[in-house]
Amino acid sequence: MAKADAFSAPGGMSVDRKGKGLAGNAQLIAQPAYQKLVAAEPFLRRLIPVLIVIFLIVVAGLHFISLMNWRDDVENSARSALALASGQLIAADFDSISPQERLEQVSRTASLSEGHVLAFTNEKFTVSAVTPRSTRWYGRALDEIVSDGQPLFLFGERAGVIPVKIDGADWFAAVAIDTTEKRAAAALIPQDAVFAQWRRTVSLNVSLFVLTASVLIVILYAYFSQAARAQAADRVYLEGQQRIDMALVRGRCGLWDWDMVRGKMYWSPSMYDMLGYEPCDAMLSFGEVDRIIHPDDGNLFEIANRVMAREIDQIDRVFRMRHANGQWVWMRVRAQVVDPDASEIQLIGISMDVSEQRHLALRSEAADLRLRTAIENITESFVLWDPADRLVMCNSKFQQDNGLSDHDVVPGAHRVALEERMQAFASERRLANVNGPRGGTTYERQLADGRWLQVNELKTRDGGTVAVGSDITQIRQHQDKLLDSERRLMATIHDLSLARRAEEEKARELAELNRKYIKEKDRAEAANQAKSEFLANMSHELRTPLNAIIGFSELMAQKLFGPLGSDRYEEYATDINSSGKYLLGVINDILDMSKIEAGQFSMDREEIDLCPLIRETVRVVSLQAAEKKITVETKIAETLKLYADRRAIKQIALNLLSNAVKFTGEGGRISVRARHASGALILSIEDNGCGIPRHALKKLGRPFEQVQNQFSKNHTGSGLGLAISRSLAELHGGALKIRSTEGTGTIVSVRIPATAKKKPAGQPMKAAA
């Protein structure tokens with residue numbers, strides 16, 4: 001057997017857990033032949049056009065060089081013939097023949113073509129004889145006929161054969177001059193005649209080359225078309241092979257082919273992948289495959305012998321095969337003999353990895369065993385019927401409750417037959433189910449031994465029926481006790497109803513008392529309102545005598561009717577005056593506060609220039625400030641306007657400035673500022689006086705309340721200044737806020753809406769509570 005980290009793989013090769021090949025070190029993992037061809041085909045396709053182009057270029061180059069050499073030979077031959085002809089003409093003896101005959105003789109003997117022109121001229125190069133005679137040069141000057149031929153007429157044979165122009169055409173010309181005889185001979189030929197044969201040959205060669213190139217291009221196109229179709233076929237084959245391989249890999253399947261005669265076996269790549277080995281092209285031997293099969297799951301040799309003996313022609317087995325990591329994989333193998341009548345037996349089959357199914361089946365068996373054990377151990381009776389009302393399973397509790405033996409509860413027994421053998425019930429009734437028909441059926445049964453059962457029957461998804469019976473004997477006993485308790489409870493409820501009636505009577509009495517309390521409260525509030533109205537109406541009666549007291553004390557102090565006779569009287573008169581003024585101020589504040597509380601304080605809104613109003617108010621308190629050497633600083637714009645009651649705004653400013661002067665020490669400073677912000681006017685009065693403790697700030701603004709500290713306890717007053725200022729600000733829809741630090745100073749800010757709606761003159765307004 002294999003070890004944990006390595007085991008003997010087929011072929012005698014040691015395979016570790018990472019997985020190596022099955023074929024051993026001697027076998028190389030090679031690609032299939034078609035894959036090599038497919039890999040080499042792109043290079044060949046690119047190489048063949050290059051070779052054809054190179055071949056065409058080489059052939060064209062060789063032909064071009066050959067034709068150009070031939071052209072040079074043709075040109076040299078023509079030049080030589082012209083030079084020889086001109087030499088023969090100039091050396092001819094004209095004693096026996098005429099010049100014309102000599103020209104024709106030389107033309108024949110020199111094997112000149114019909115395109116050659118021979119001519120004799122005199123010393124002035126006037127043509128005296130010419131052949132062929134069709135040439136119309138006779139009597140014309142040769143140097144006029146021939147252009148660009150001056151070297152010929154100057155040097156003669158030494159100039160050689162040169163190209164010239166005759167009537168715009170290219171010619172070759174040679175001239176020989178005999179100075180003694182005063183004559184010259186000329187031999188000429190058109191270049192078209194010289195190269196006519198060469199041009200025909202060039203045209204033929206070019207046509208042959210173009211034809212050859214066209215044939216090669218057609219062959220190349222056919223090759224590429226065939227290669228493209230071959231490539232498409234290869235691609236289709238590869239894609240099909242890949243899809244098959246992917247399907248096999250995804251499906252955890254593998255194909256194999258077993259040649260029984262040669263003992264060789266072919267595996268698909270998916271077979272190697274399932275077992276963790278590296279794929280190889282080599283055929284596996286019979287022994288290599290047999291070594292990785294678990295010995296307890298079957299003998300491969302036995303199967304092979306039975307197939308060879310033709311006892312079986314197909315295989316359907318499940319066995320374990322060793323994975324490359326050393327584990328065992330459950331495989332299901334199905335195979336069929338290709339041709340049972342053939343002399344050589346060959347098996348083709350498929351293998352599937354069923355390890356997960358095997359493990360799932362084992363887990364299912366374990367779960368089924370646990371379920372049966374749990375059903376058997378529950379205290380309730382349990383029975384399961386299939387859709388045909390045949391017994392599937394039940395527990396022993398069901399047998400005991402119904403008096404059934406083990407022979408009766410055989411799986412498959414029909415329900416009707418089984419119920420006939422059950423013990424009869426003492427009583428049975430069906431209970432209503434609150435969940436409706438889908439909630440199943442509930443029965444309450446009393447057994448023969450007196451016990452009570454509640455049986456719930458439910459339908460399963462496959463149409464079967466499951467019934468669970470619970471022992472409710474104790475519940476029934478408790479129900480009897482509950483009935484008795486219910487009767488006692490009803491008596492208690494009767495007593496409680498009597499007590500409830502008594503409580504309701506007490507509640508009615510409390511409601512009556514509450515109504516009386518509300519009535520008395522309304523009377524008290526009315527009395528308070530009457531008090532405020534009374535104080536408001538007492539303004540004339542209180543002010544008149546006080547004015548008289550103050551007036552008489554002033555007369556006494558001014559001595560209008562002569563001296564009083566004693567300084568003490570003057571002191572008394574002064575005290576009467578100051579006390580009367582103080583009392584008048586207190587009464588005025590009380591009366592103003594009472595009018596505000598009674599809702600009888602009337603305001604006349606108008607547009608006010610704030611700067612003159614504040615200056616007037618500052619002048620009122622300037623005398624008191626000067627006595628204490630207090631500096632009053634005013635920072636208010638001249639154009640600042642406000643729509644409000646002039647008297648109320650002046651009283652607010654006067655009260656706040658008076659308080660600031662009163663609670664600011666010697667040499668102090670008071671600053672008055674005003675500005676518009678968010679549609680309202682903010683008037684701020686800041687001093688550096690004694691300040692107010694934090695815990696006392698909430699008392700400020702309440703009528704008749706004062707804050708006493710070491711700086712303010714010697715000052716007198718009614719305590720209504722801030723309360724009146726706050727109420728007047730609230731009558732305008734504004735507010736008053738105080739910020740103070742003890743020993744540092746106080747800032748009082750009044751916010752008055754600058755654009756309030758105008759009310760009719762004299763309309764009373766009531767301050768907020």
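The structure displayed is predicted, hence computed values, not measured ones.
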_So R675 and L681, do their side chains get closer than 4.5 Å, heavy atoms only?_
no
*Using a strict 4.0 Å threshold on nitrogen-to-oxygen distance, state whether K635 and E633 make a salt bridge.*
yes
*Mind running side-chain hydrogen bond (donor to acceptor under 3.5 Å, both in side chains) on T373 and R370 for me, showing each step along the way?*
CA-CA 5 Å; T373 303; R370 286 194 297 271; over 6 Å; no
*To the nearest 0.5 Å, how far apart are CZ in F425 and CH2 in W452?*
12.0 Å
*asked:* For the residue pair R476 / T473, report whether a side-chain donor-acceptor contact shorter than 3.5 Å exists.
replied: no
_Please report the interatomic distance OG(S485) to CD(Q479), rounded to the nearest 0.5 Å._
12.5 Å
*How about T465 and K459: does a side-chain donor come under 3.5 Å of a side-chain acceptor?*
yes
*asked:* Can you tell whether the side chains of K628 and E666 come within less than 4.0 Å, N to carboxylate O?
replied: no
*Any idea which heavy atoms bring L736 and S725 closest together, and the distance?*
CD1-CB, 4.0 Å
*Run through V748, V672, D687 and flag the one making a side chain to side chain contact (heavy atoms under 4.5 Å, CB included) with L657.*
V672
*Can you tell me how far the SG atom of C394 sits from the CD atom of Q399, to the nearest 0.5 Å?*
5.0 Å
*Does H494 reach the main-chain N or O of M490 with its side chain, forming a donor-acceptor pair under 3.5 Å?*
no
*Donor-acceptor pair, side chain of D609 and main chain of P612, under 3.5 angstrom*: no
*Could you please spell out the steps behind the side chain to side chain contact (heavy atoms under 4.5 Å, CB included) verdict for E457 and W385?*
CA-CA 10 Å; E457 292 186 357; W385 311 96; 5.8 Å; no
*In Å, rounded to the nearest 0.5 Å, how long is the span from CZ of R515 to CG of L513?*
9.5 Å
*Backbone of S364 reached by a side-chain donor or acceptor of D368 within 3.5 Å*: no
*Quick one: does I630's side chain get under 4.5 Å of Q624's, heavy atoms only?*
no
*Please report the C-alpha distance between D484 and K481 in whole Å, then the side-chain angles of each, then the deciding distance to 0.1 Å, and finally whether the salt bridge (charged side-chain N to carboxylate O under 4.0 Å, His left out) criterion is met.*
CA-CA 5 Å; D484 184 57; K481 295 179 180 178; over 6 Å; no
_Taking every non-hydrogen atom, the tightest pair across C611 and A637_ = CB-O, 3.6 Å
*Under the 3.5 angstrom rule, does the side chain of S727 hit a backbone N or O of I724 as a donor-acceptor pair?*
no
_Side-chain donor/acceptor of T460 to backbone N/O of G464, under 3.5 Å_ = yes
*Looking only at non-hydrogen atoms, find the nearest pair between I685 and A653 and report the distance.*
CD1-O, 4.3 Å
*Report yes or no: does T744 contribute a side-chain atom to a donor-acceptor pair with the main-chain N or O of S740 at less than 3.5 Å?*
no
*Answer yes when D522 and K519 have at least one side-chain N-carboxylate O distance shorter than 4.0 Å, and no when they do not.*
no
*asked:* So which atom in V750 and which in A729 form the shortest heavy-atom distance, rounded to 0.1 Å?
replied: CG1-CB, 4.0 Å
*Decide salt bridge (charged side-chain N to carboxylate O under 4.0 Å, His left out) for R646 and D604; before the verdict, give the C-alpha distance in whole Å, the side-chain angles of both, and the deciding distance to 0.1 Å.*
CA-CA 8 Å; R646 178 183 295 274; D604 295 324; over 6 Å; no
*To the nearest 0.5 Å, tell me how far L640 CG sits from I608 CD1.*
11.0 Å
*Let me see the working for L391 and V410 under side chain to side chain contact (heavy atoms under 4.5 Å, CB included), right down to the final yes or no.*
CA-CA 7 Å; L391 180 64; V410 178; over 6 Å; no
*Going by distance alone, is a donor N or O of one side chain under 3.5 Å from an acceptor N or O of the other, for E376 and S396?*
yes
*Flag yes if more than 12 heavy atoms outside E356 fall under 6.0 Å of its CD atom; otherwise flag no.*
no
*Mind listing the closest non-hydrogen atom pair of Y643 and E607 along with its distance?*
CD1-N, 3.8 Å
*For E520, does the CD atom have more than 12 heavy-atom neighbours from other residues, nucleotides or ligands under 6.0 Å away?*
yes
*Under the 3.5 angstrom rule, does the side chain of N514 hit a backbone N or O of L510 as a donor-acceptor pair?*
no
*Would one find more than 12 heavy atoms of other residues, nucleotides or ligands at under 6.0 Å from atom CZ of R500?*
no
*Stepwise, does the side chain to side chain contact (heavy atoms under 4.5 Å, CB included) test hold for L722 with I738?*
CA-CA 10 Å; L722 282 177; I738 303 174; 4.0 Å; yes
_S671 side chain near R669 side chain, heavy-atom distance below 4.5 Å_ = yes
*Please examine the side chains of V618 and T634, heavy atoms only from C-beta on, and report whether any two atoms are closer than 4.5 Å.*
yes
_salt_bridge(R421, D408) N-O dist < 4.0 Å_ = yes
*pair I378-F382: side-chain heavy atoms closer than 4.5 Å*: yes
_Under 4.0 Å between a side-chain nitrogen and a carboxylate oxygen: does that hold for R332 and D353?_
no
*Quick one: do E616 and K650 make a salt bridge, cutoff under 4.0 Å?*
yes
_A side-chain contact here means heavy atoms from C-beta on lying under 4.5 Å apart; do V620 and L654 qualify?_
yes
*Just wondering, are more than 12 heavy atoms of other shown residues or ligands nearer than 6.0 Å to NZ in K737?*
no
_Ignoring hydrogens, what is the shortest heavy-atom contact between G412 and R390? Give both atom names and the distance._
O-CD, 3.5 Å
*side chain to side chain contact (heavy atoms under 4.5 Å, CB included) between R372 and M393: does it pass, once the steps are laid out?*
CA-CA 9 Å; R372 289 180 177 274; M393 61 179 300; 3.7 Å; yes
*What's the verdict on side-chain hydrogen bond (donor to acceptor under 3.5 Å, both in side chains) for Q454 and D471, showing C-alpha distance, side-chain angles and the deciding distance?*
CA-CA 7 Å; Q454 181 175 320; D471 191 342; over 6 Å; no
*Is the closest side-chain heavy-atom distance between R673 and I636 below 4.5 Å?*
no
_Tell me if a side-chain donor or acceptor on N395 pairs with a main-chain N or O of S381 at a distance below 3.5 Å._
no
*From F398 CZ over to L453 CG, what is the distance, rounded to the nearest 0.5 angstrom?*
10.5 Å
*Between the side chains of Q423 and D401, does any donor sit under 3.5 Å from an acceptor?*
no
_Can a donor-acceptor pair be found, under 3.5 Å and without considering hydrogens, that links the side chain of D449 to the backbone of R451?_
yes
*Is the backbone of D645 close enough, under 3.5 Å, to the side chain of H732 for a donor and an acceptor to pair up by distance?*
yes
_M352 side chain reached by W330 side chain, heavy atoms, under 4.5 Å_ = no
_Between E419 and R415 (salt bridge meaning N to carboxylate O under 4.0 Å), is one present in this structure?_
yes
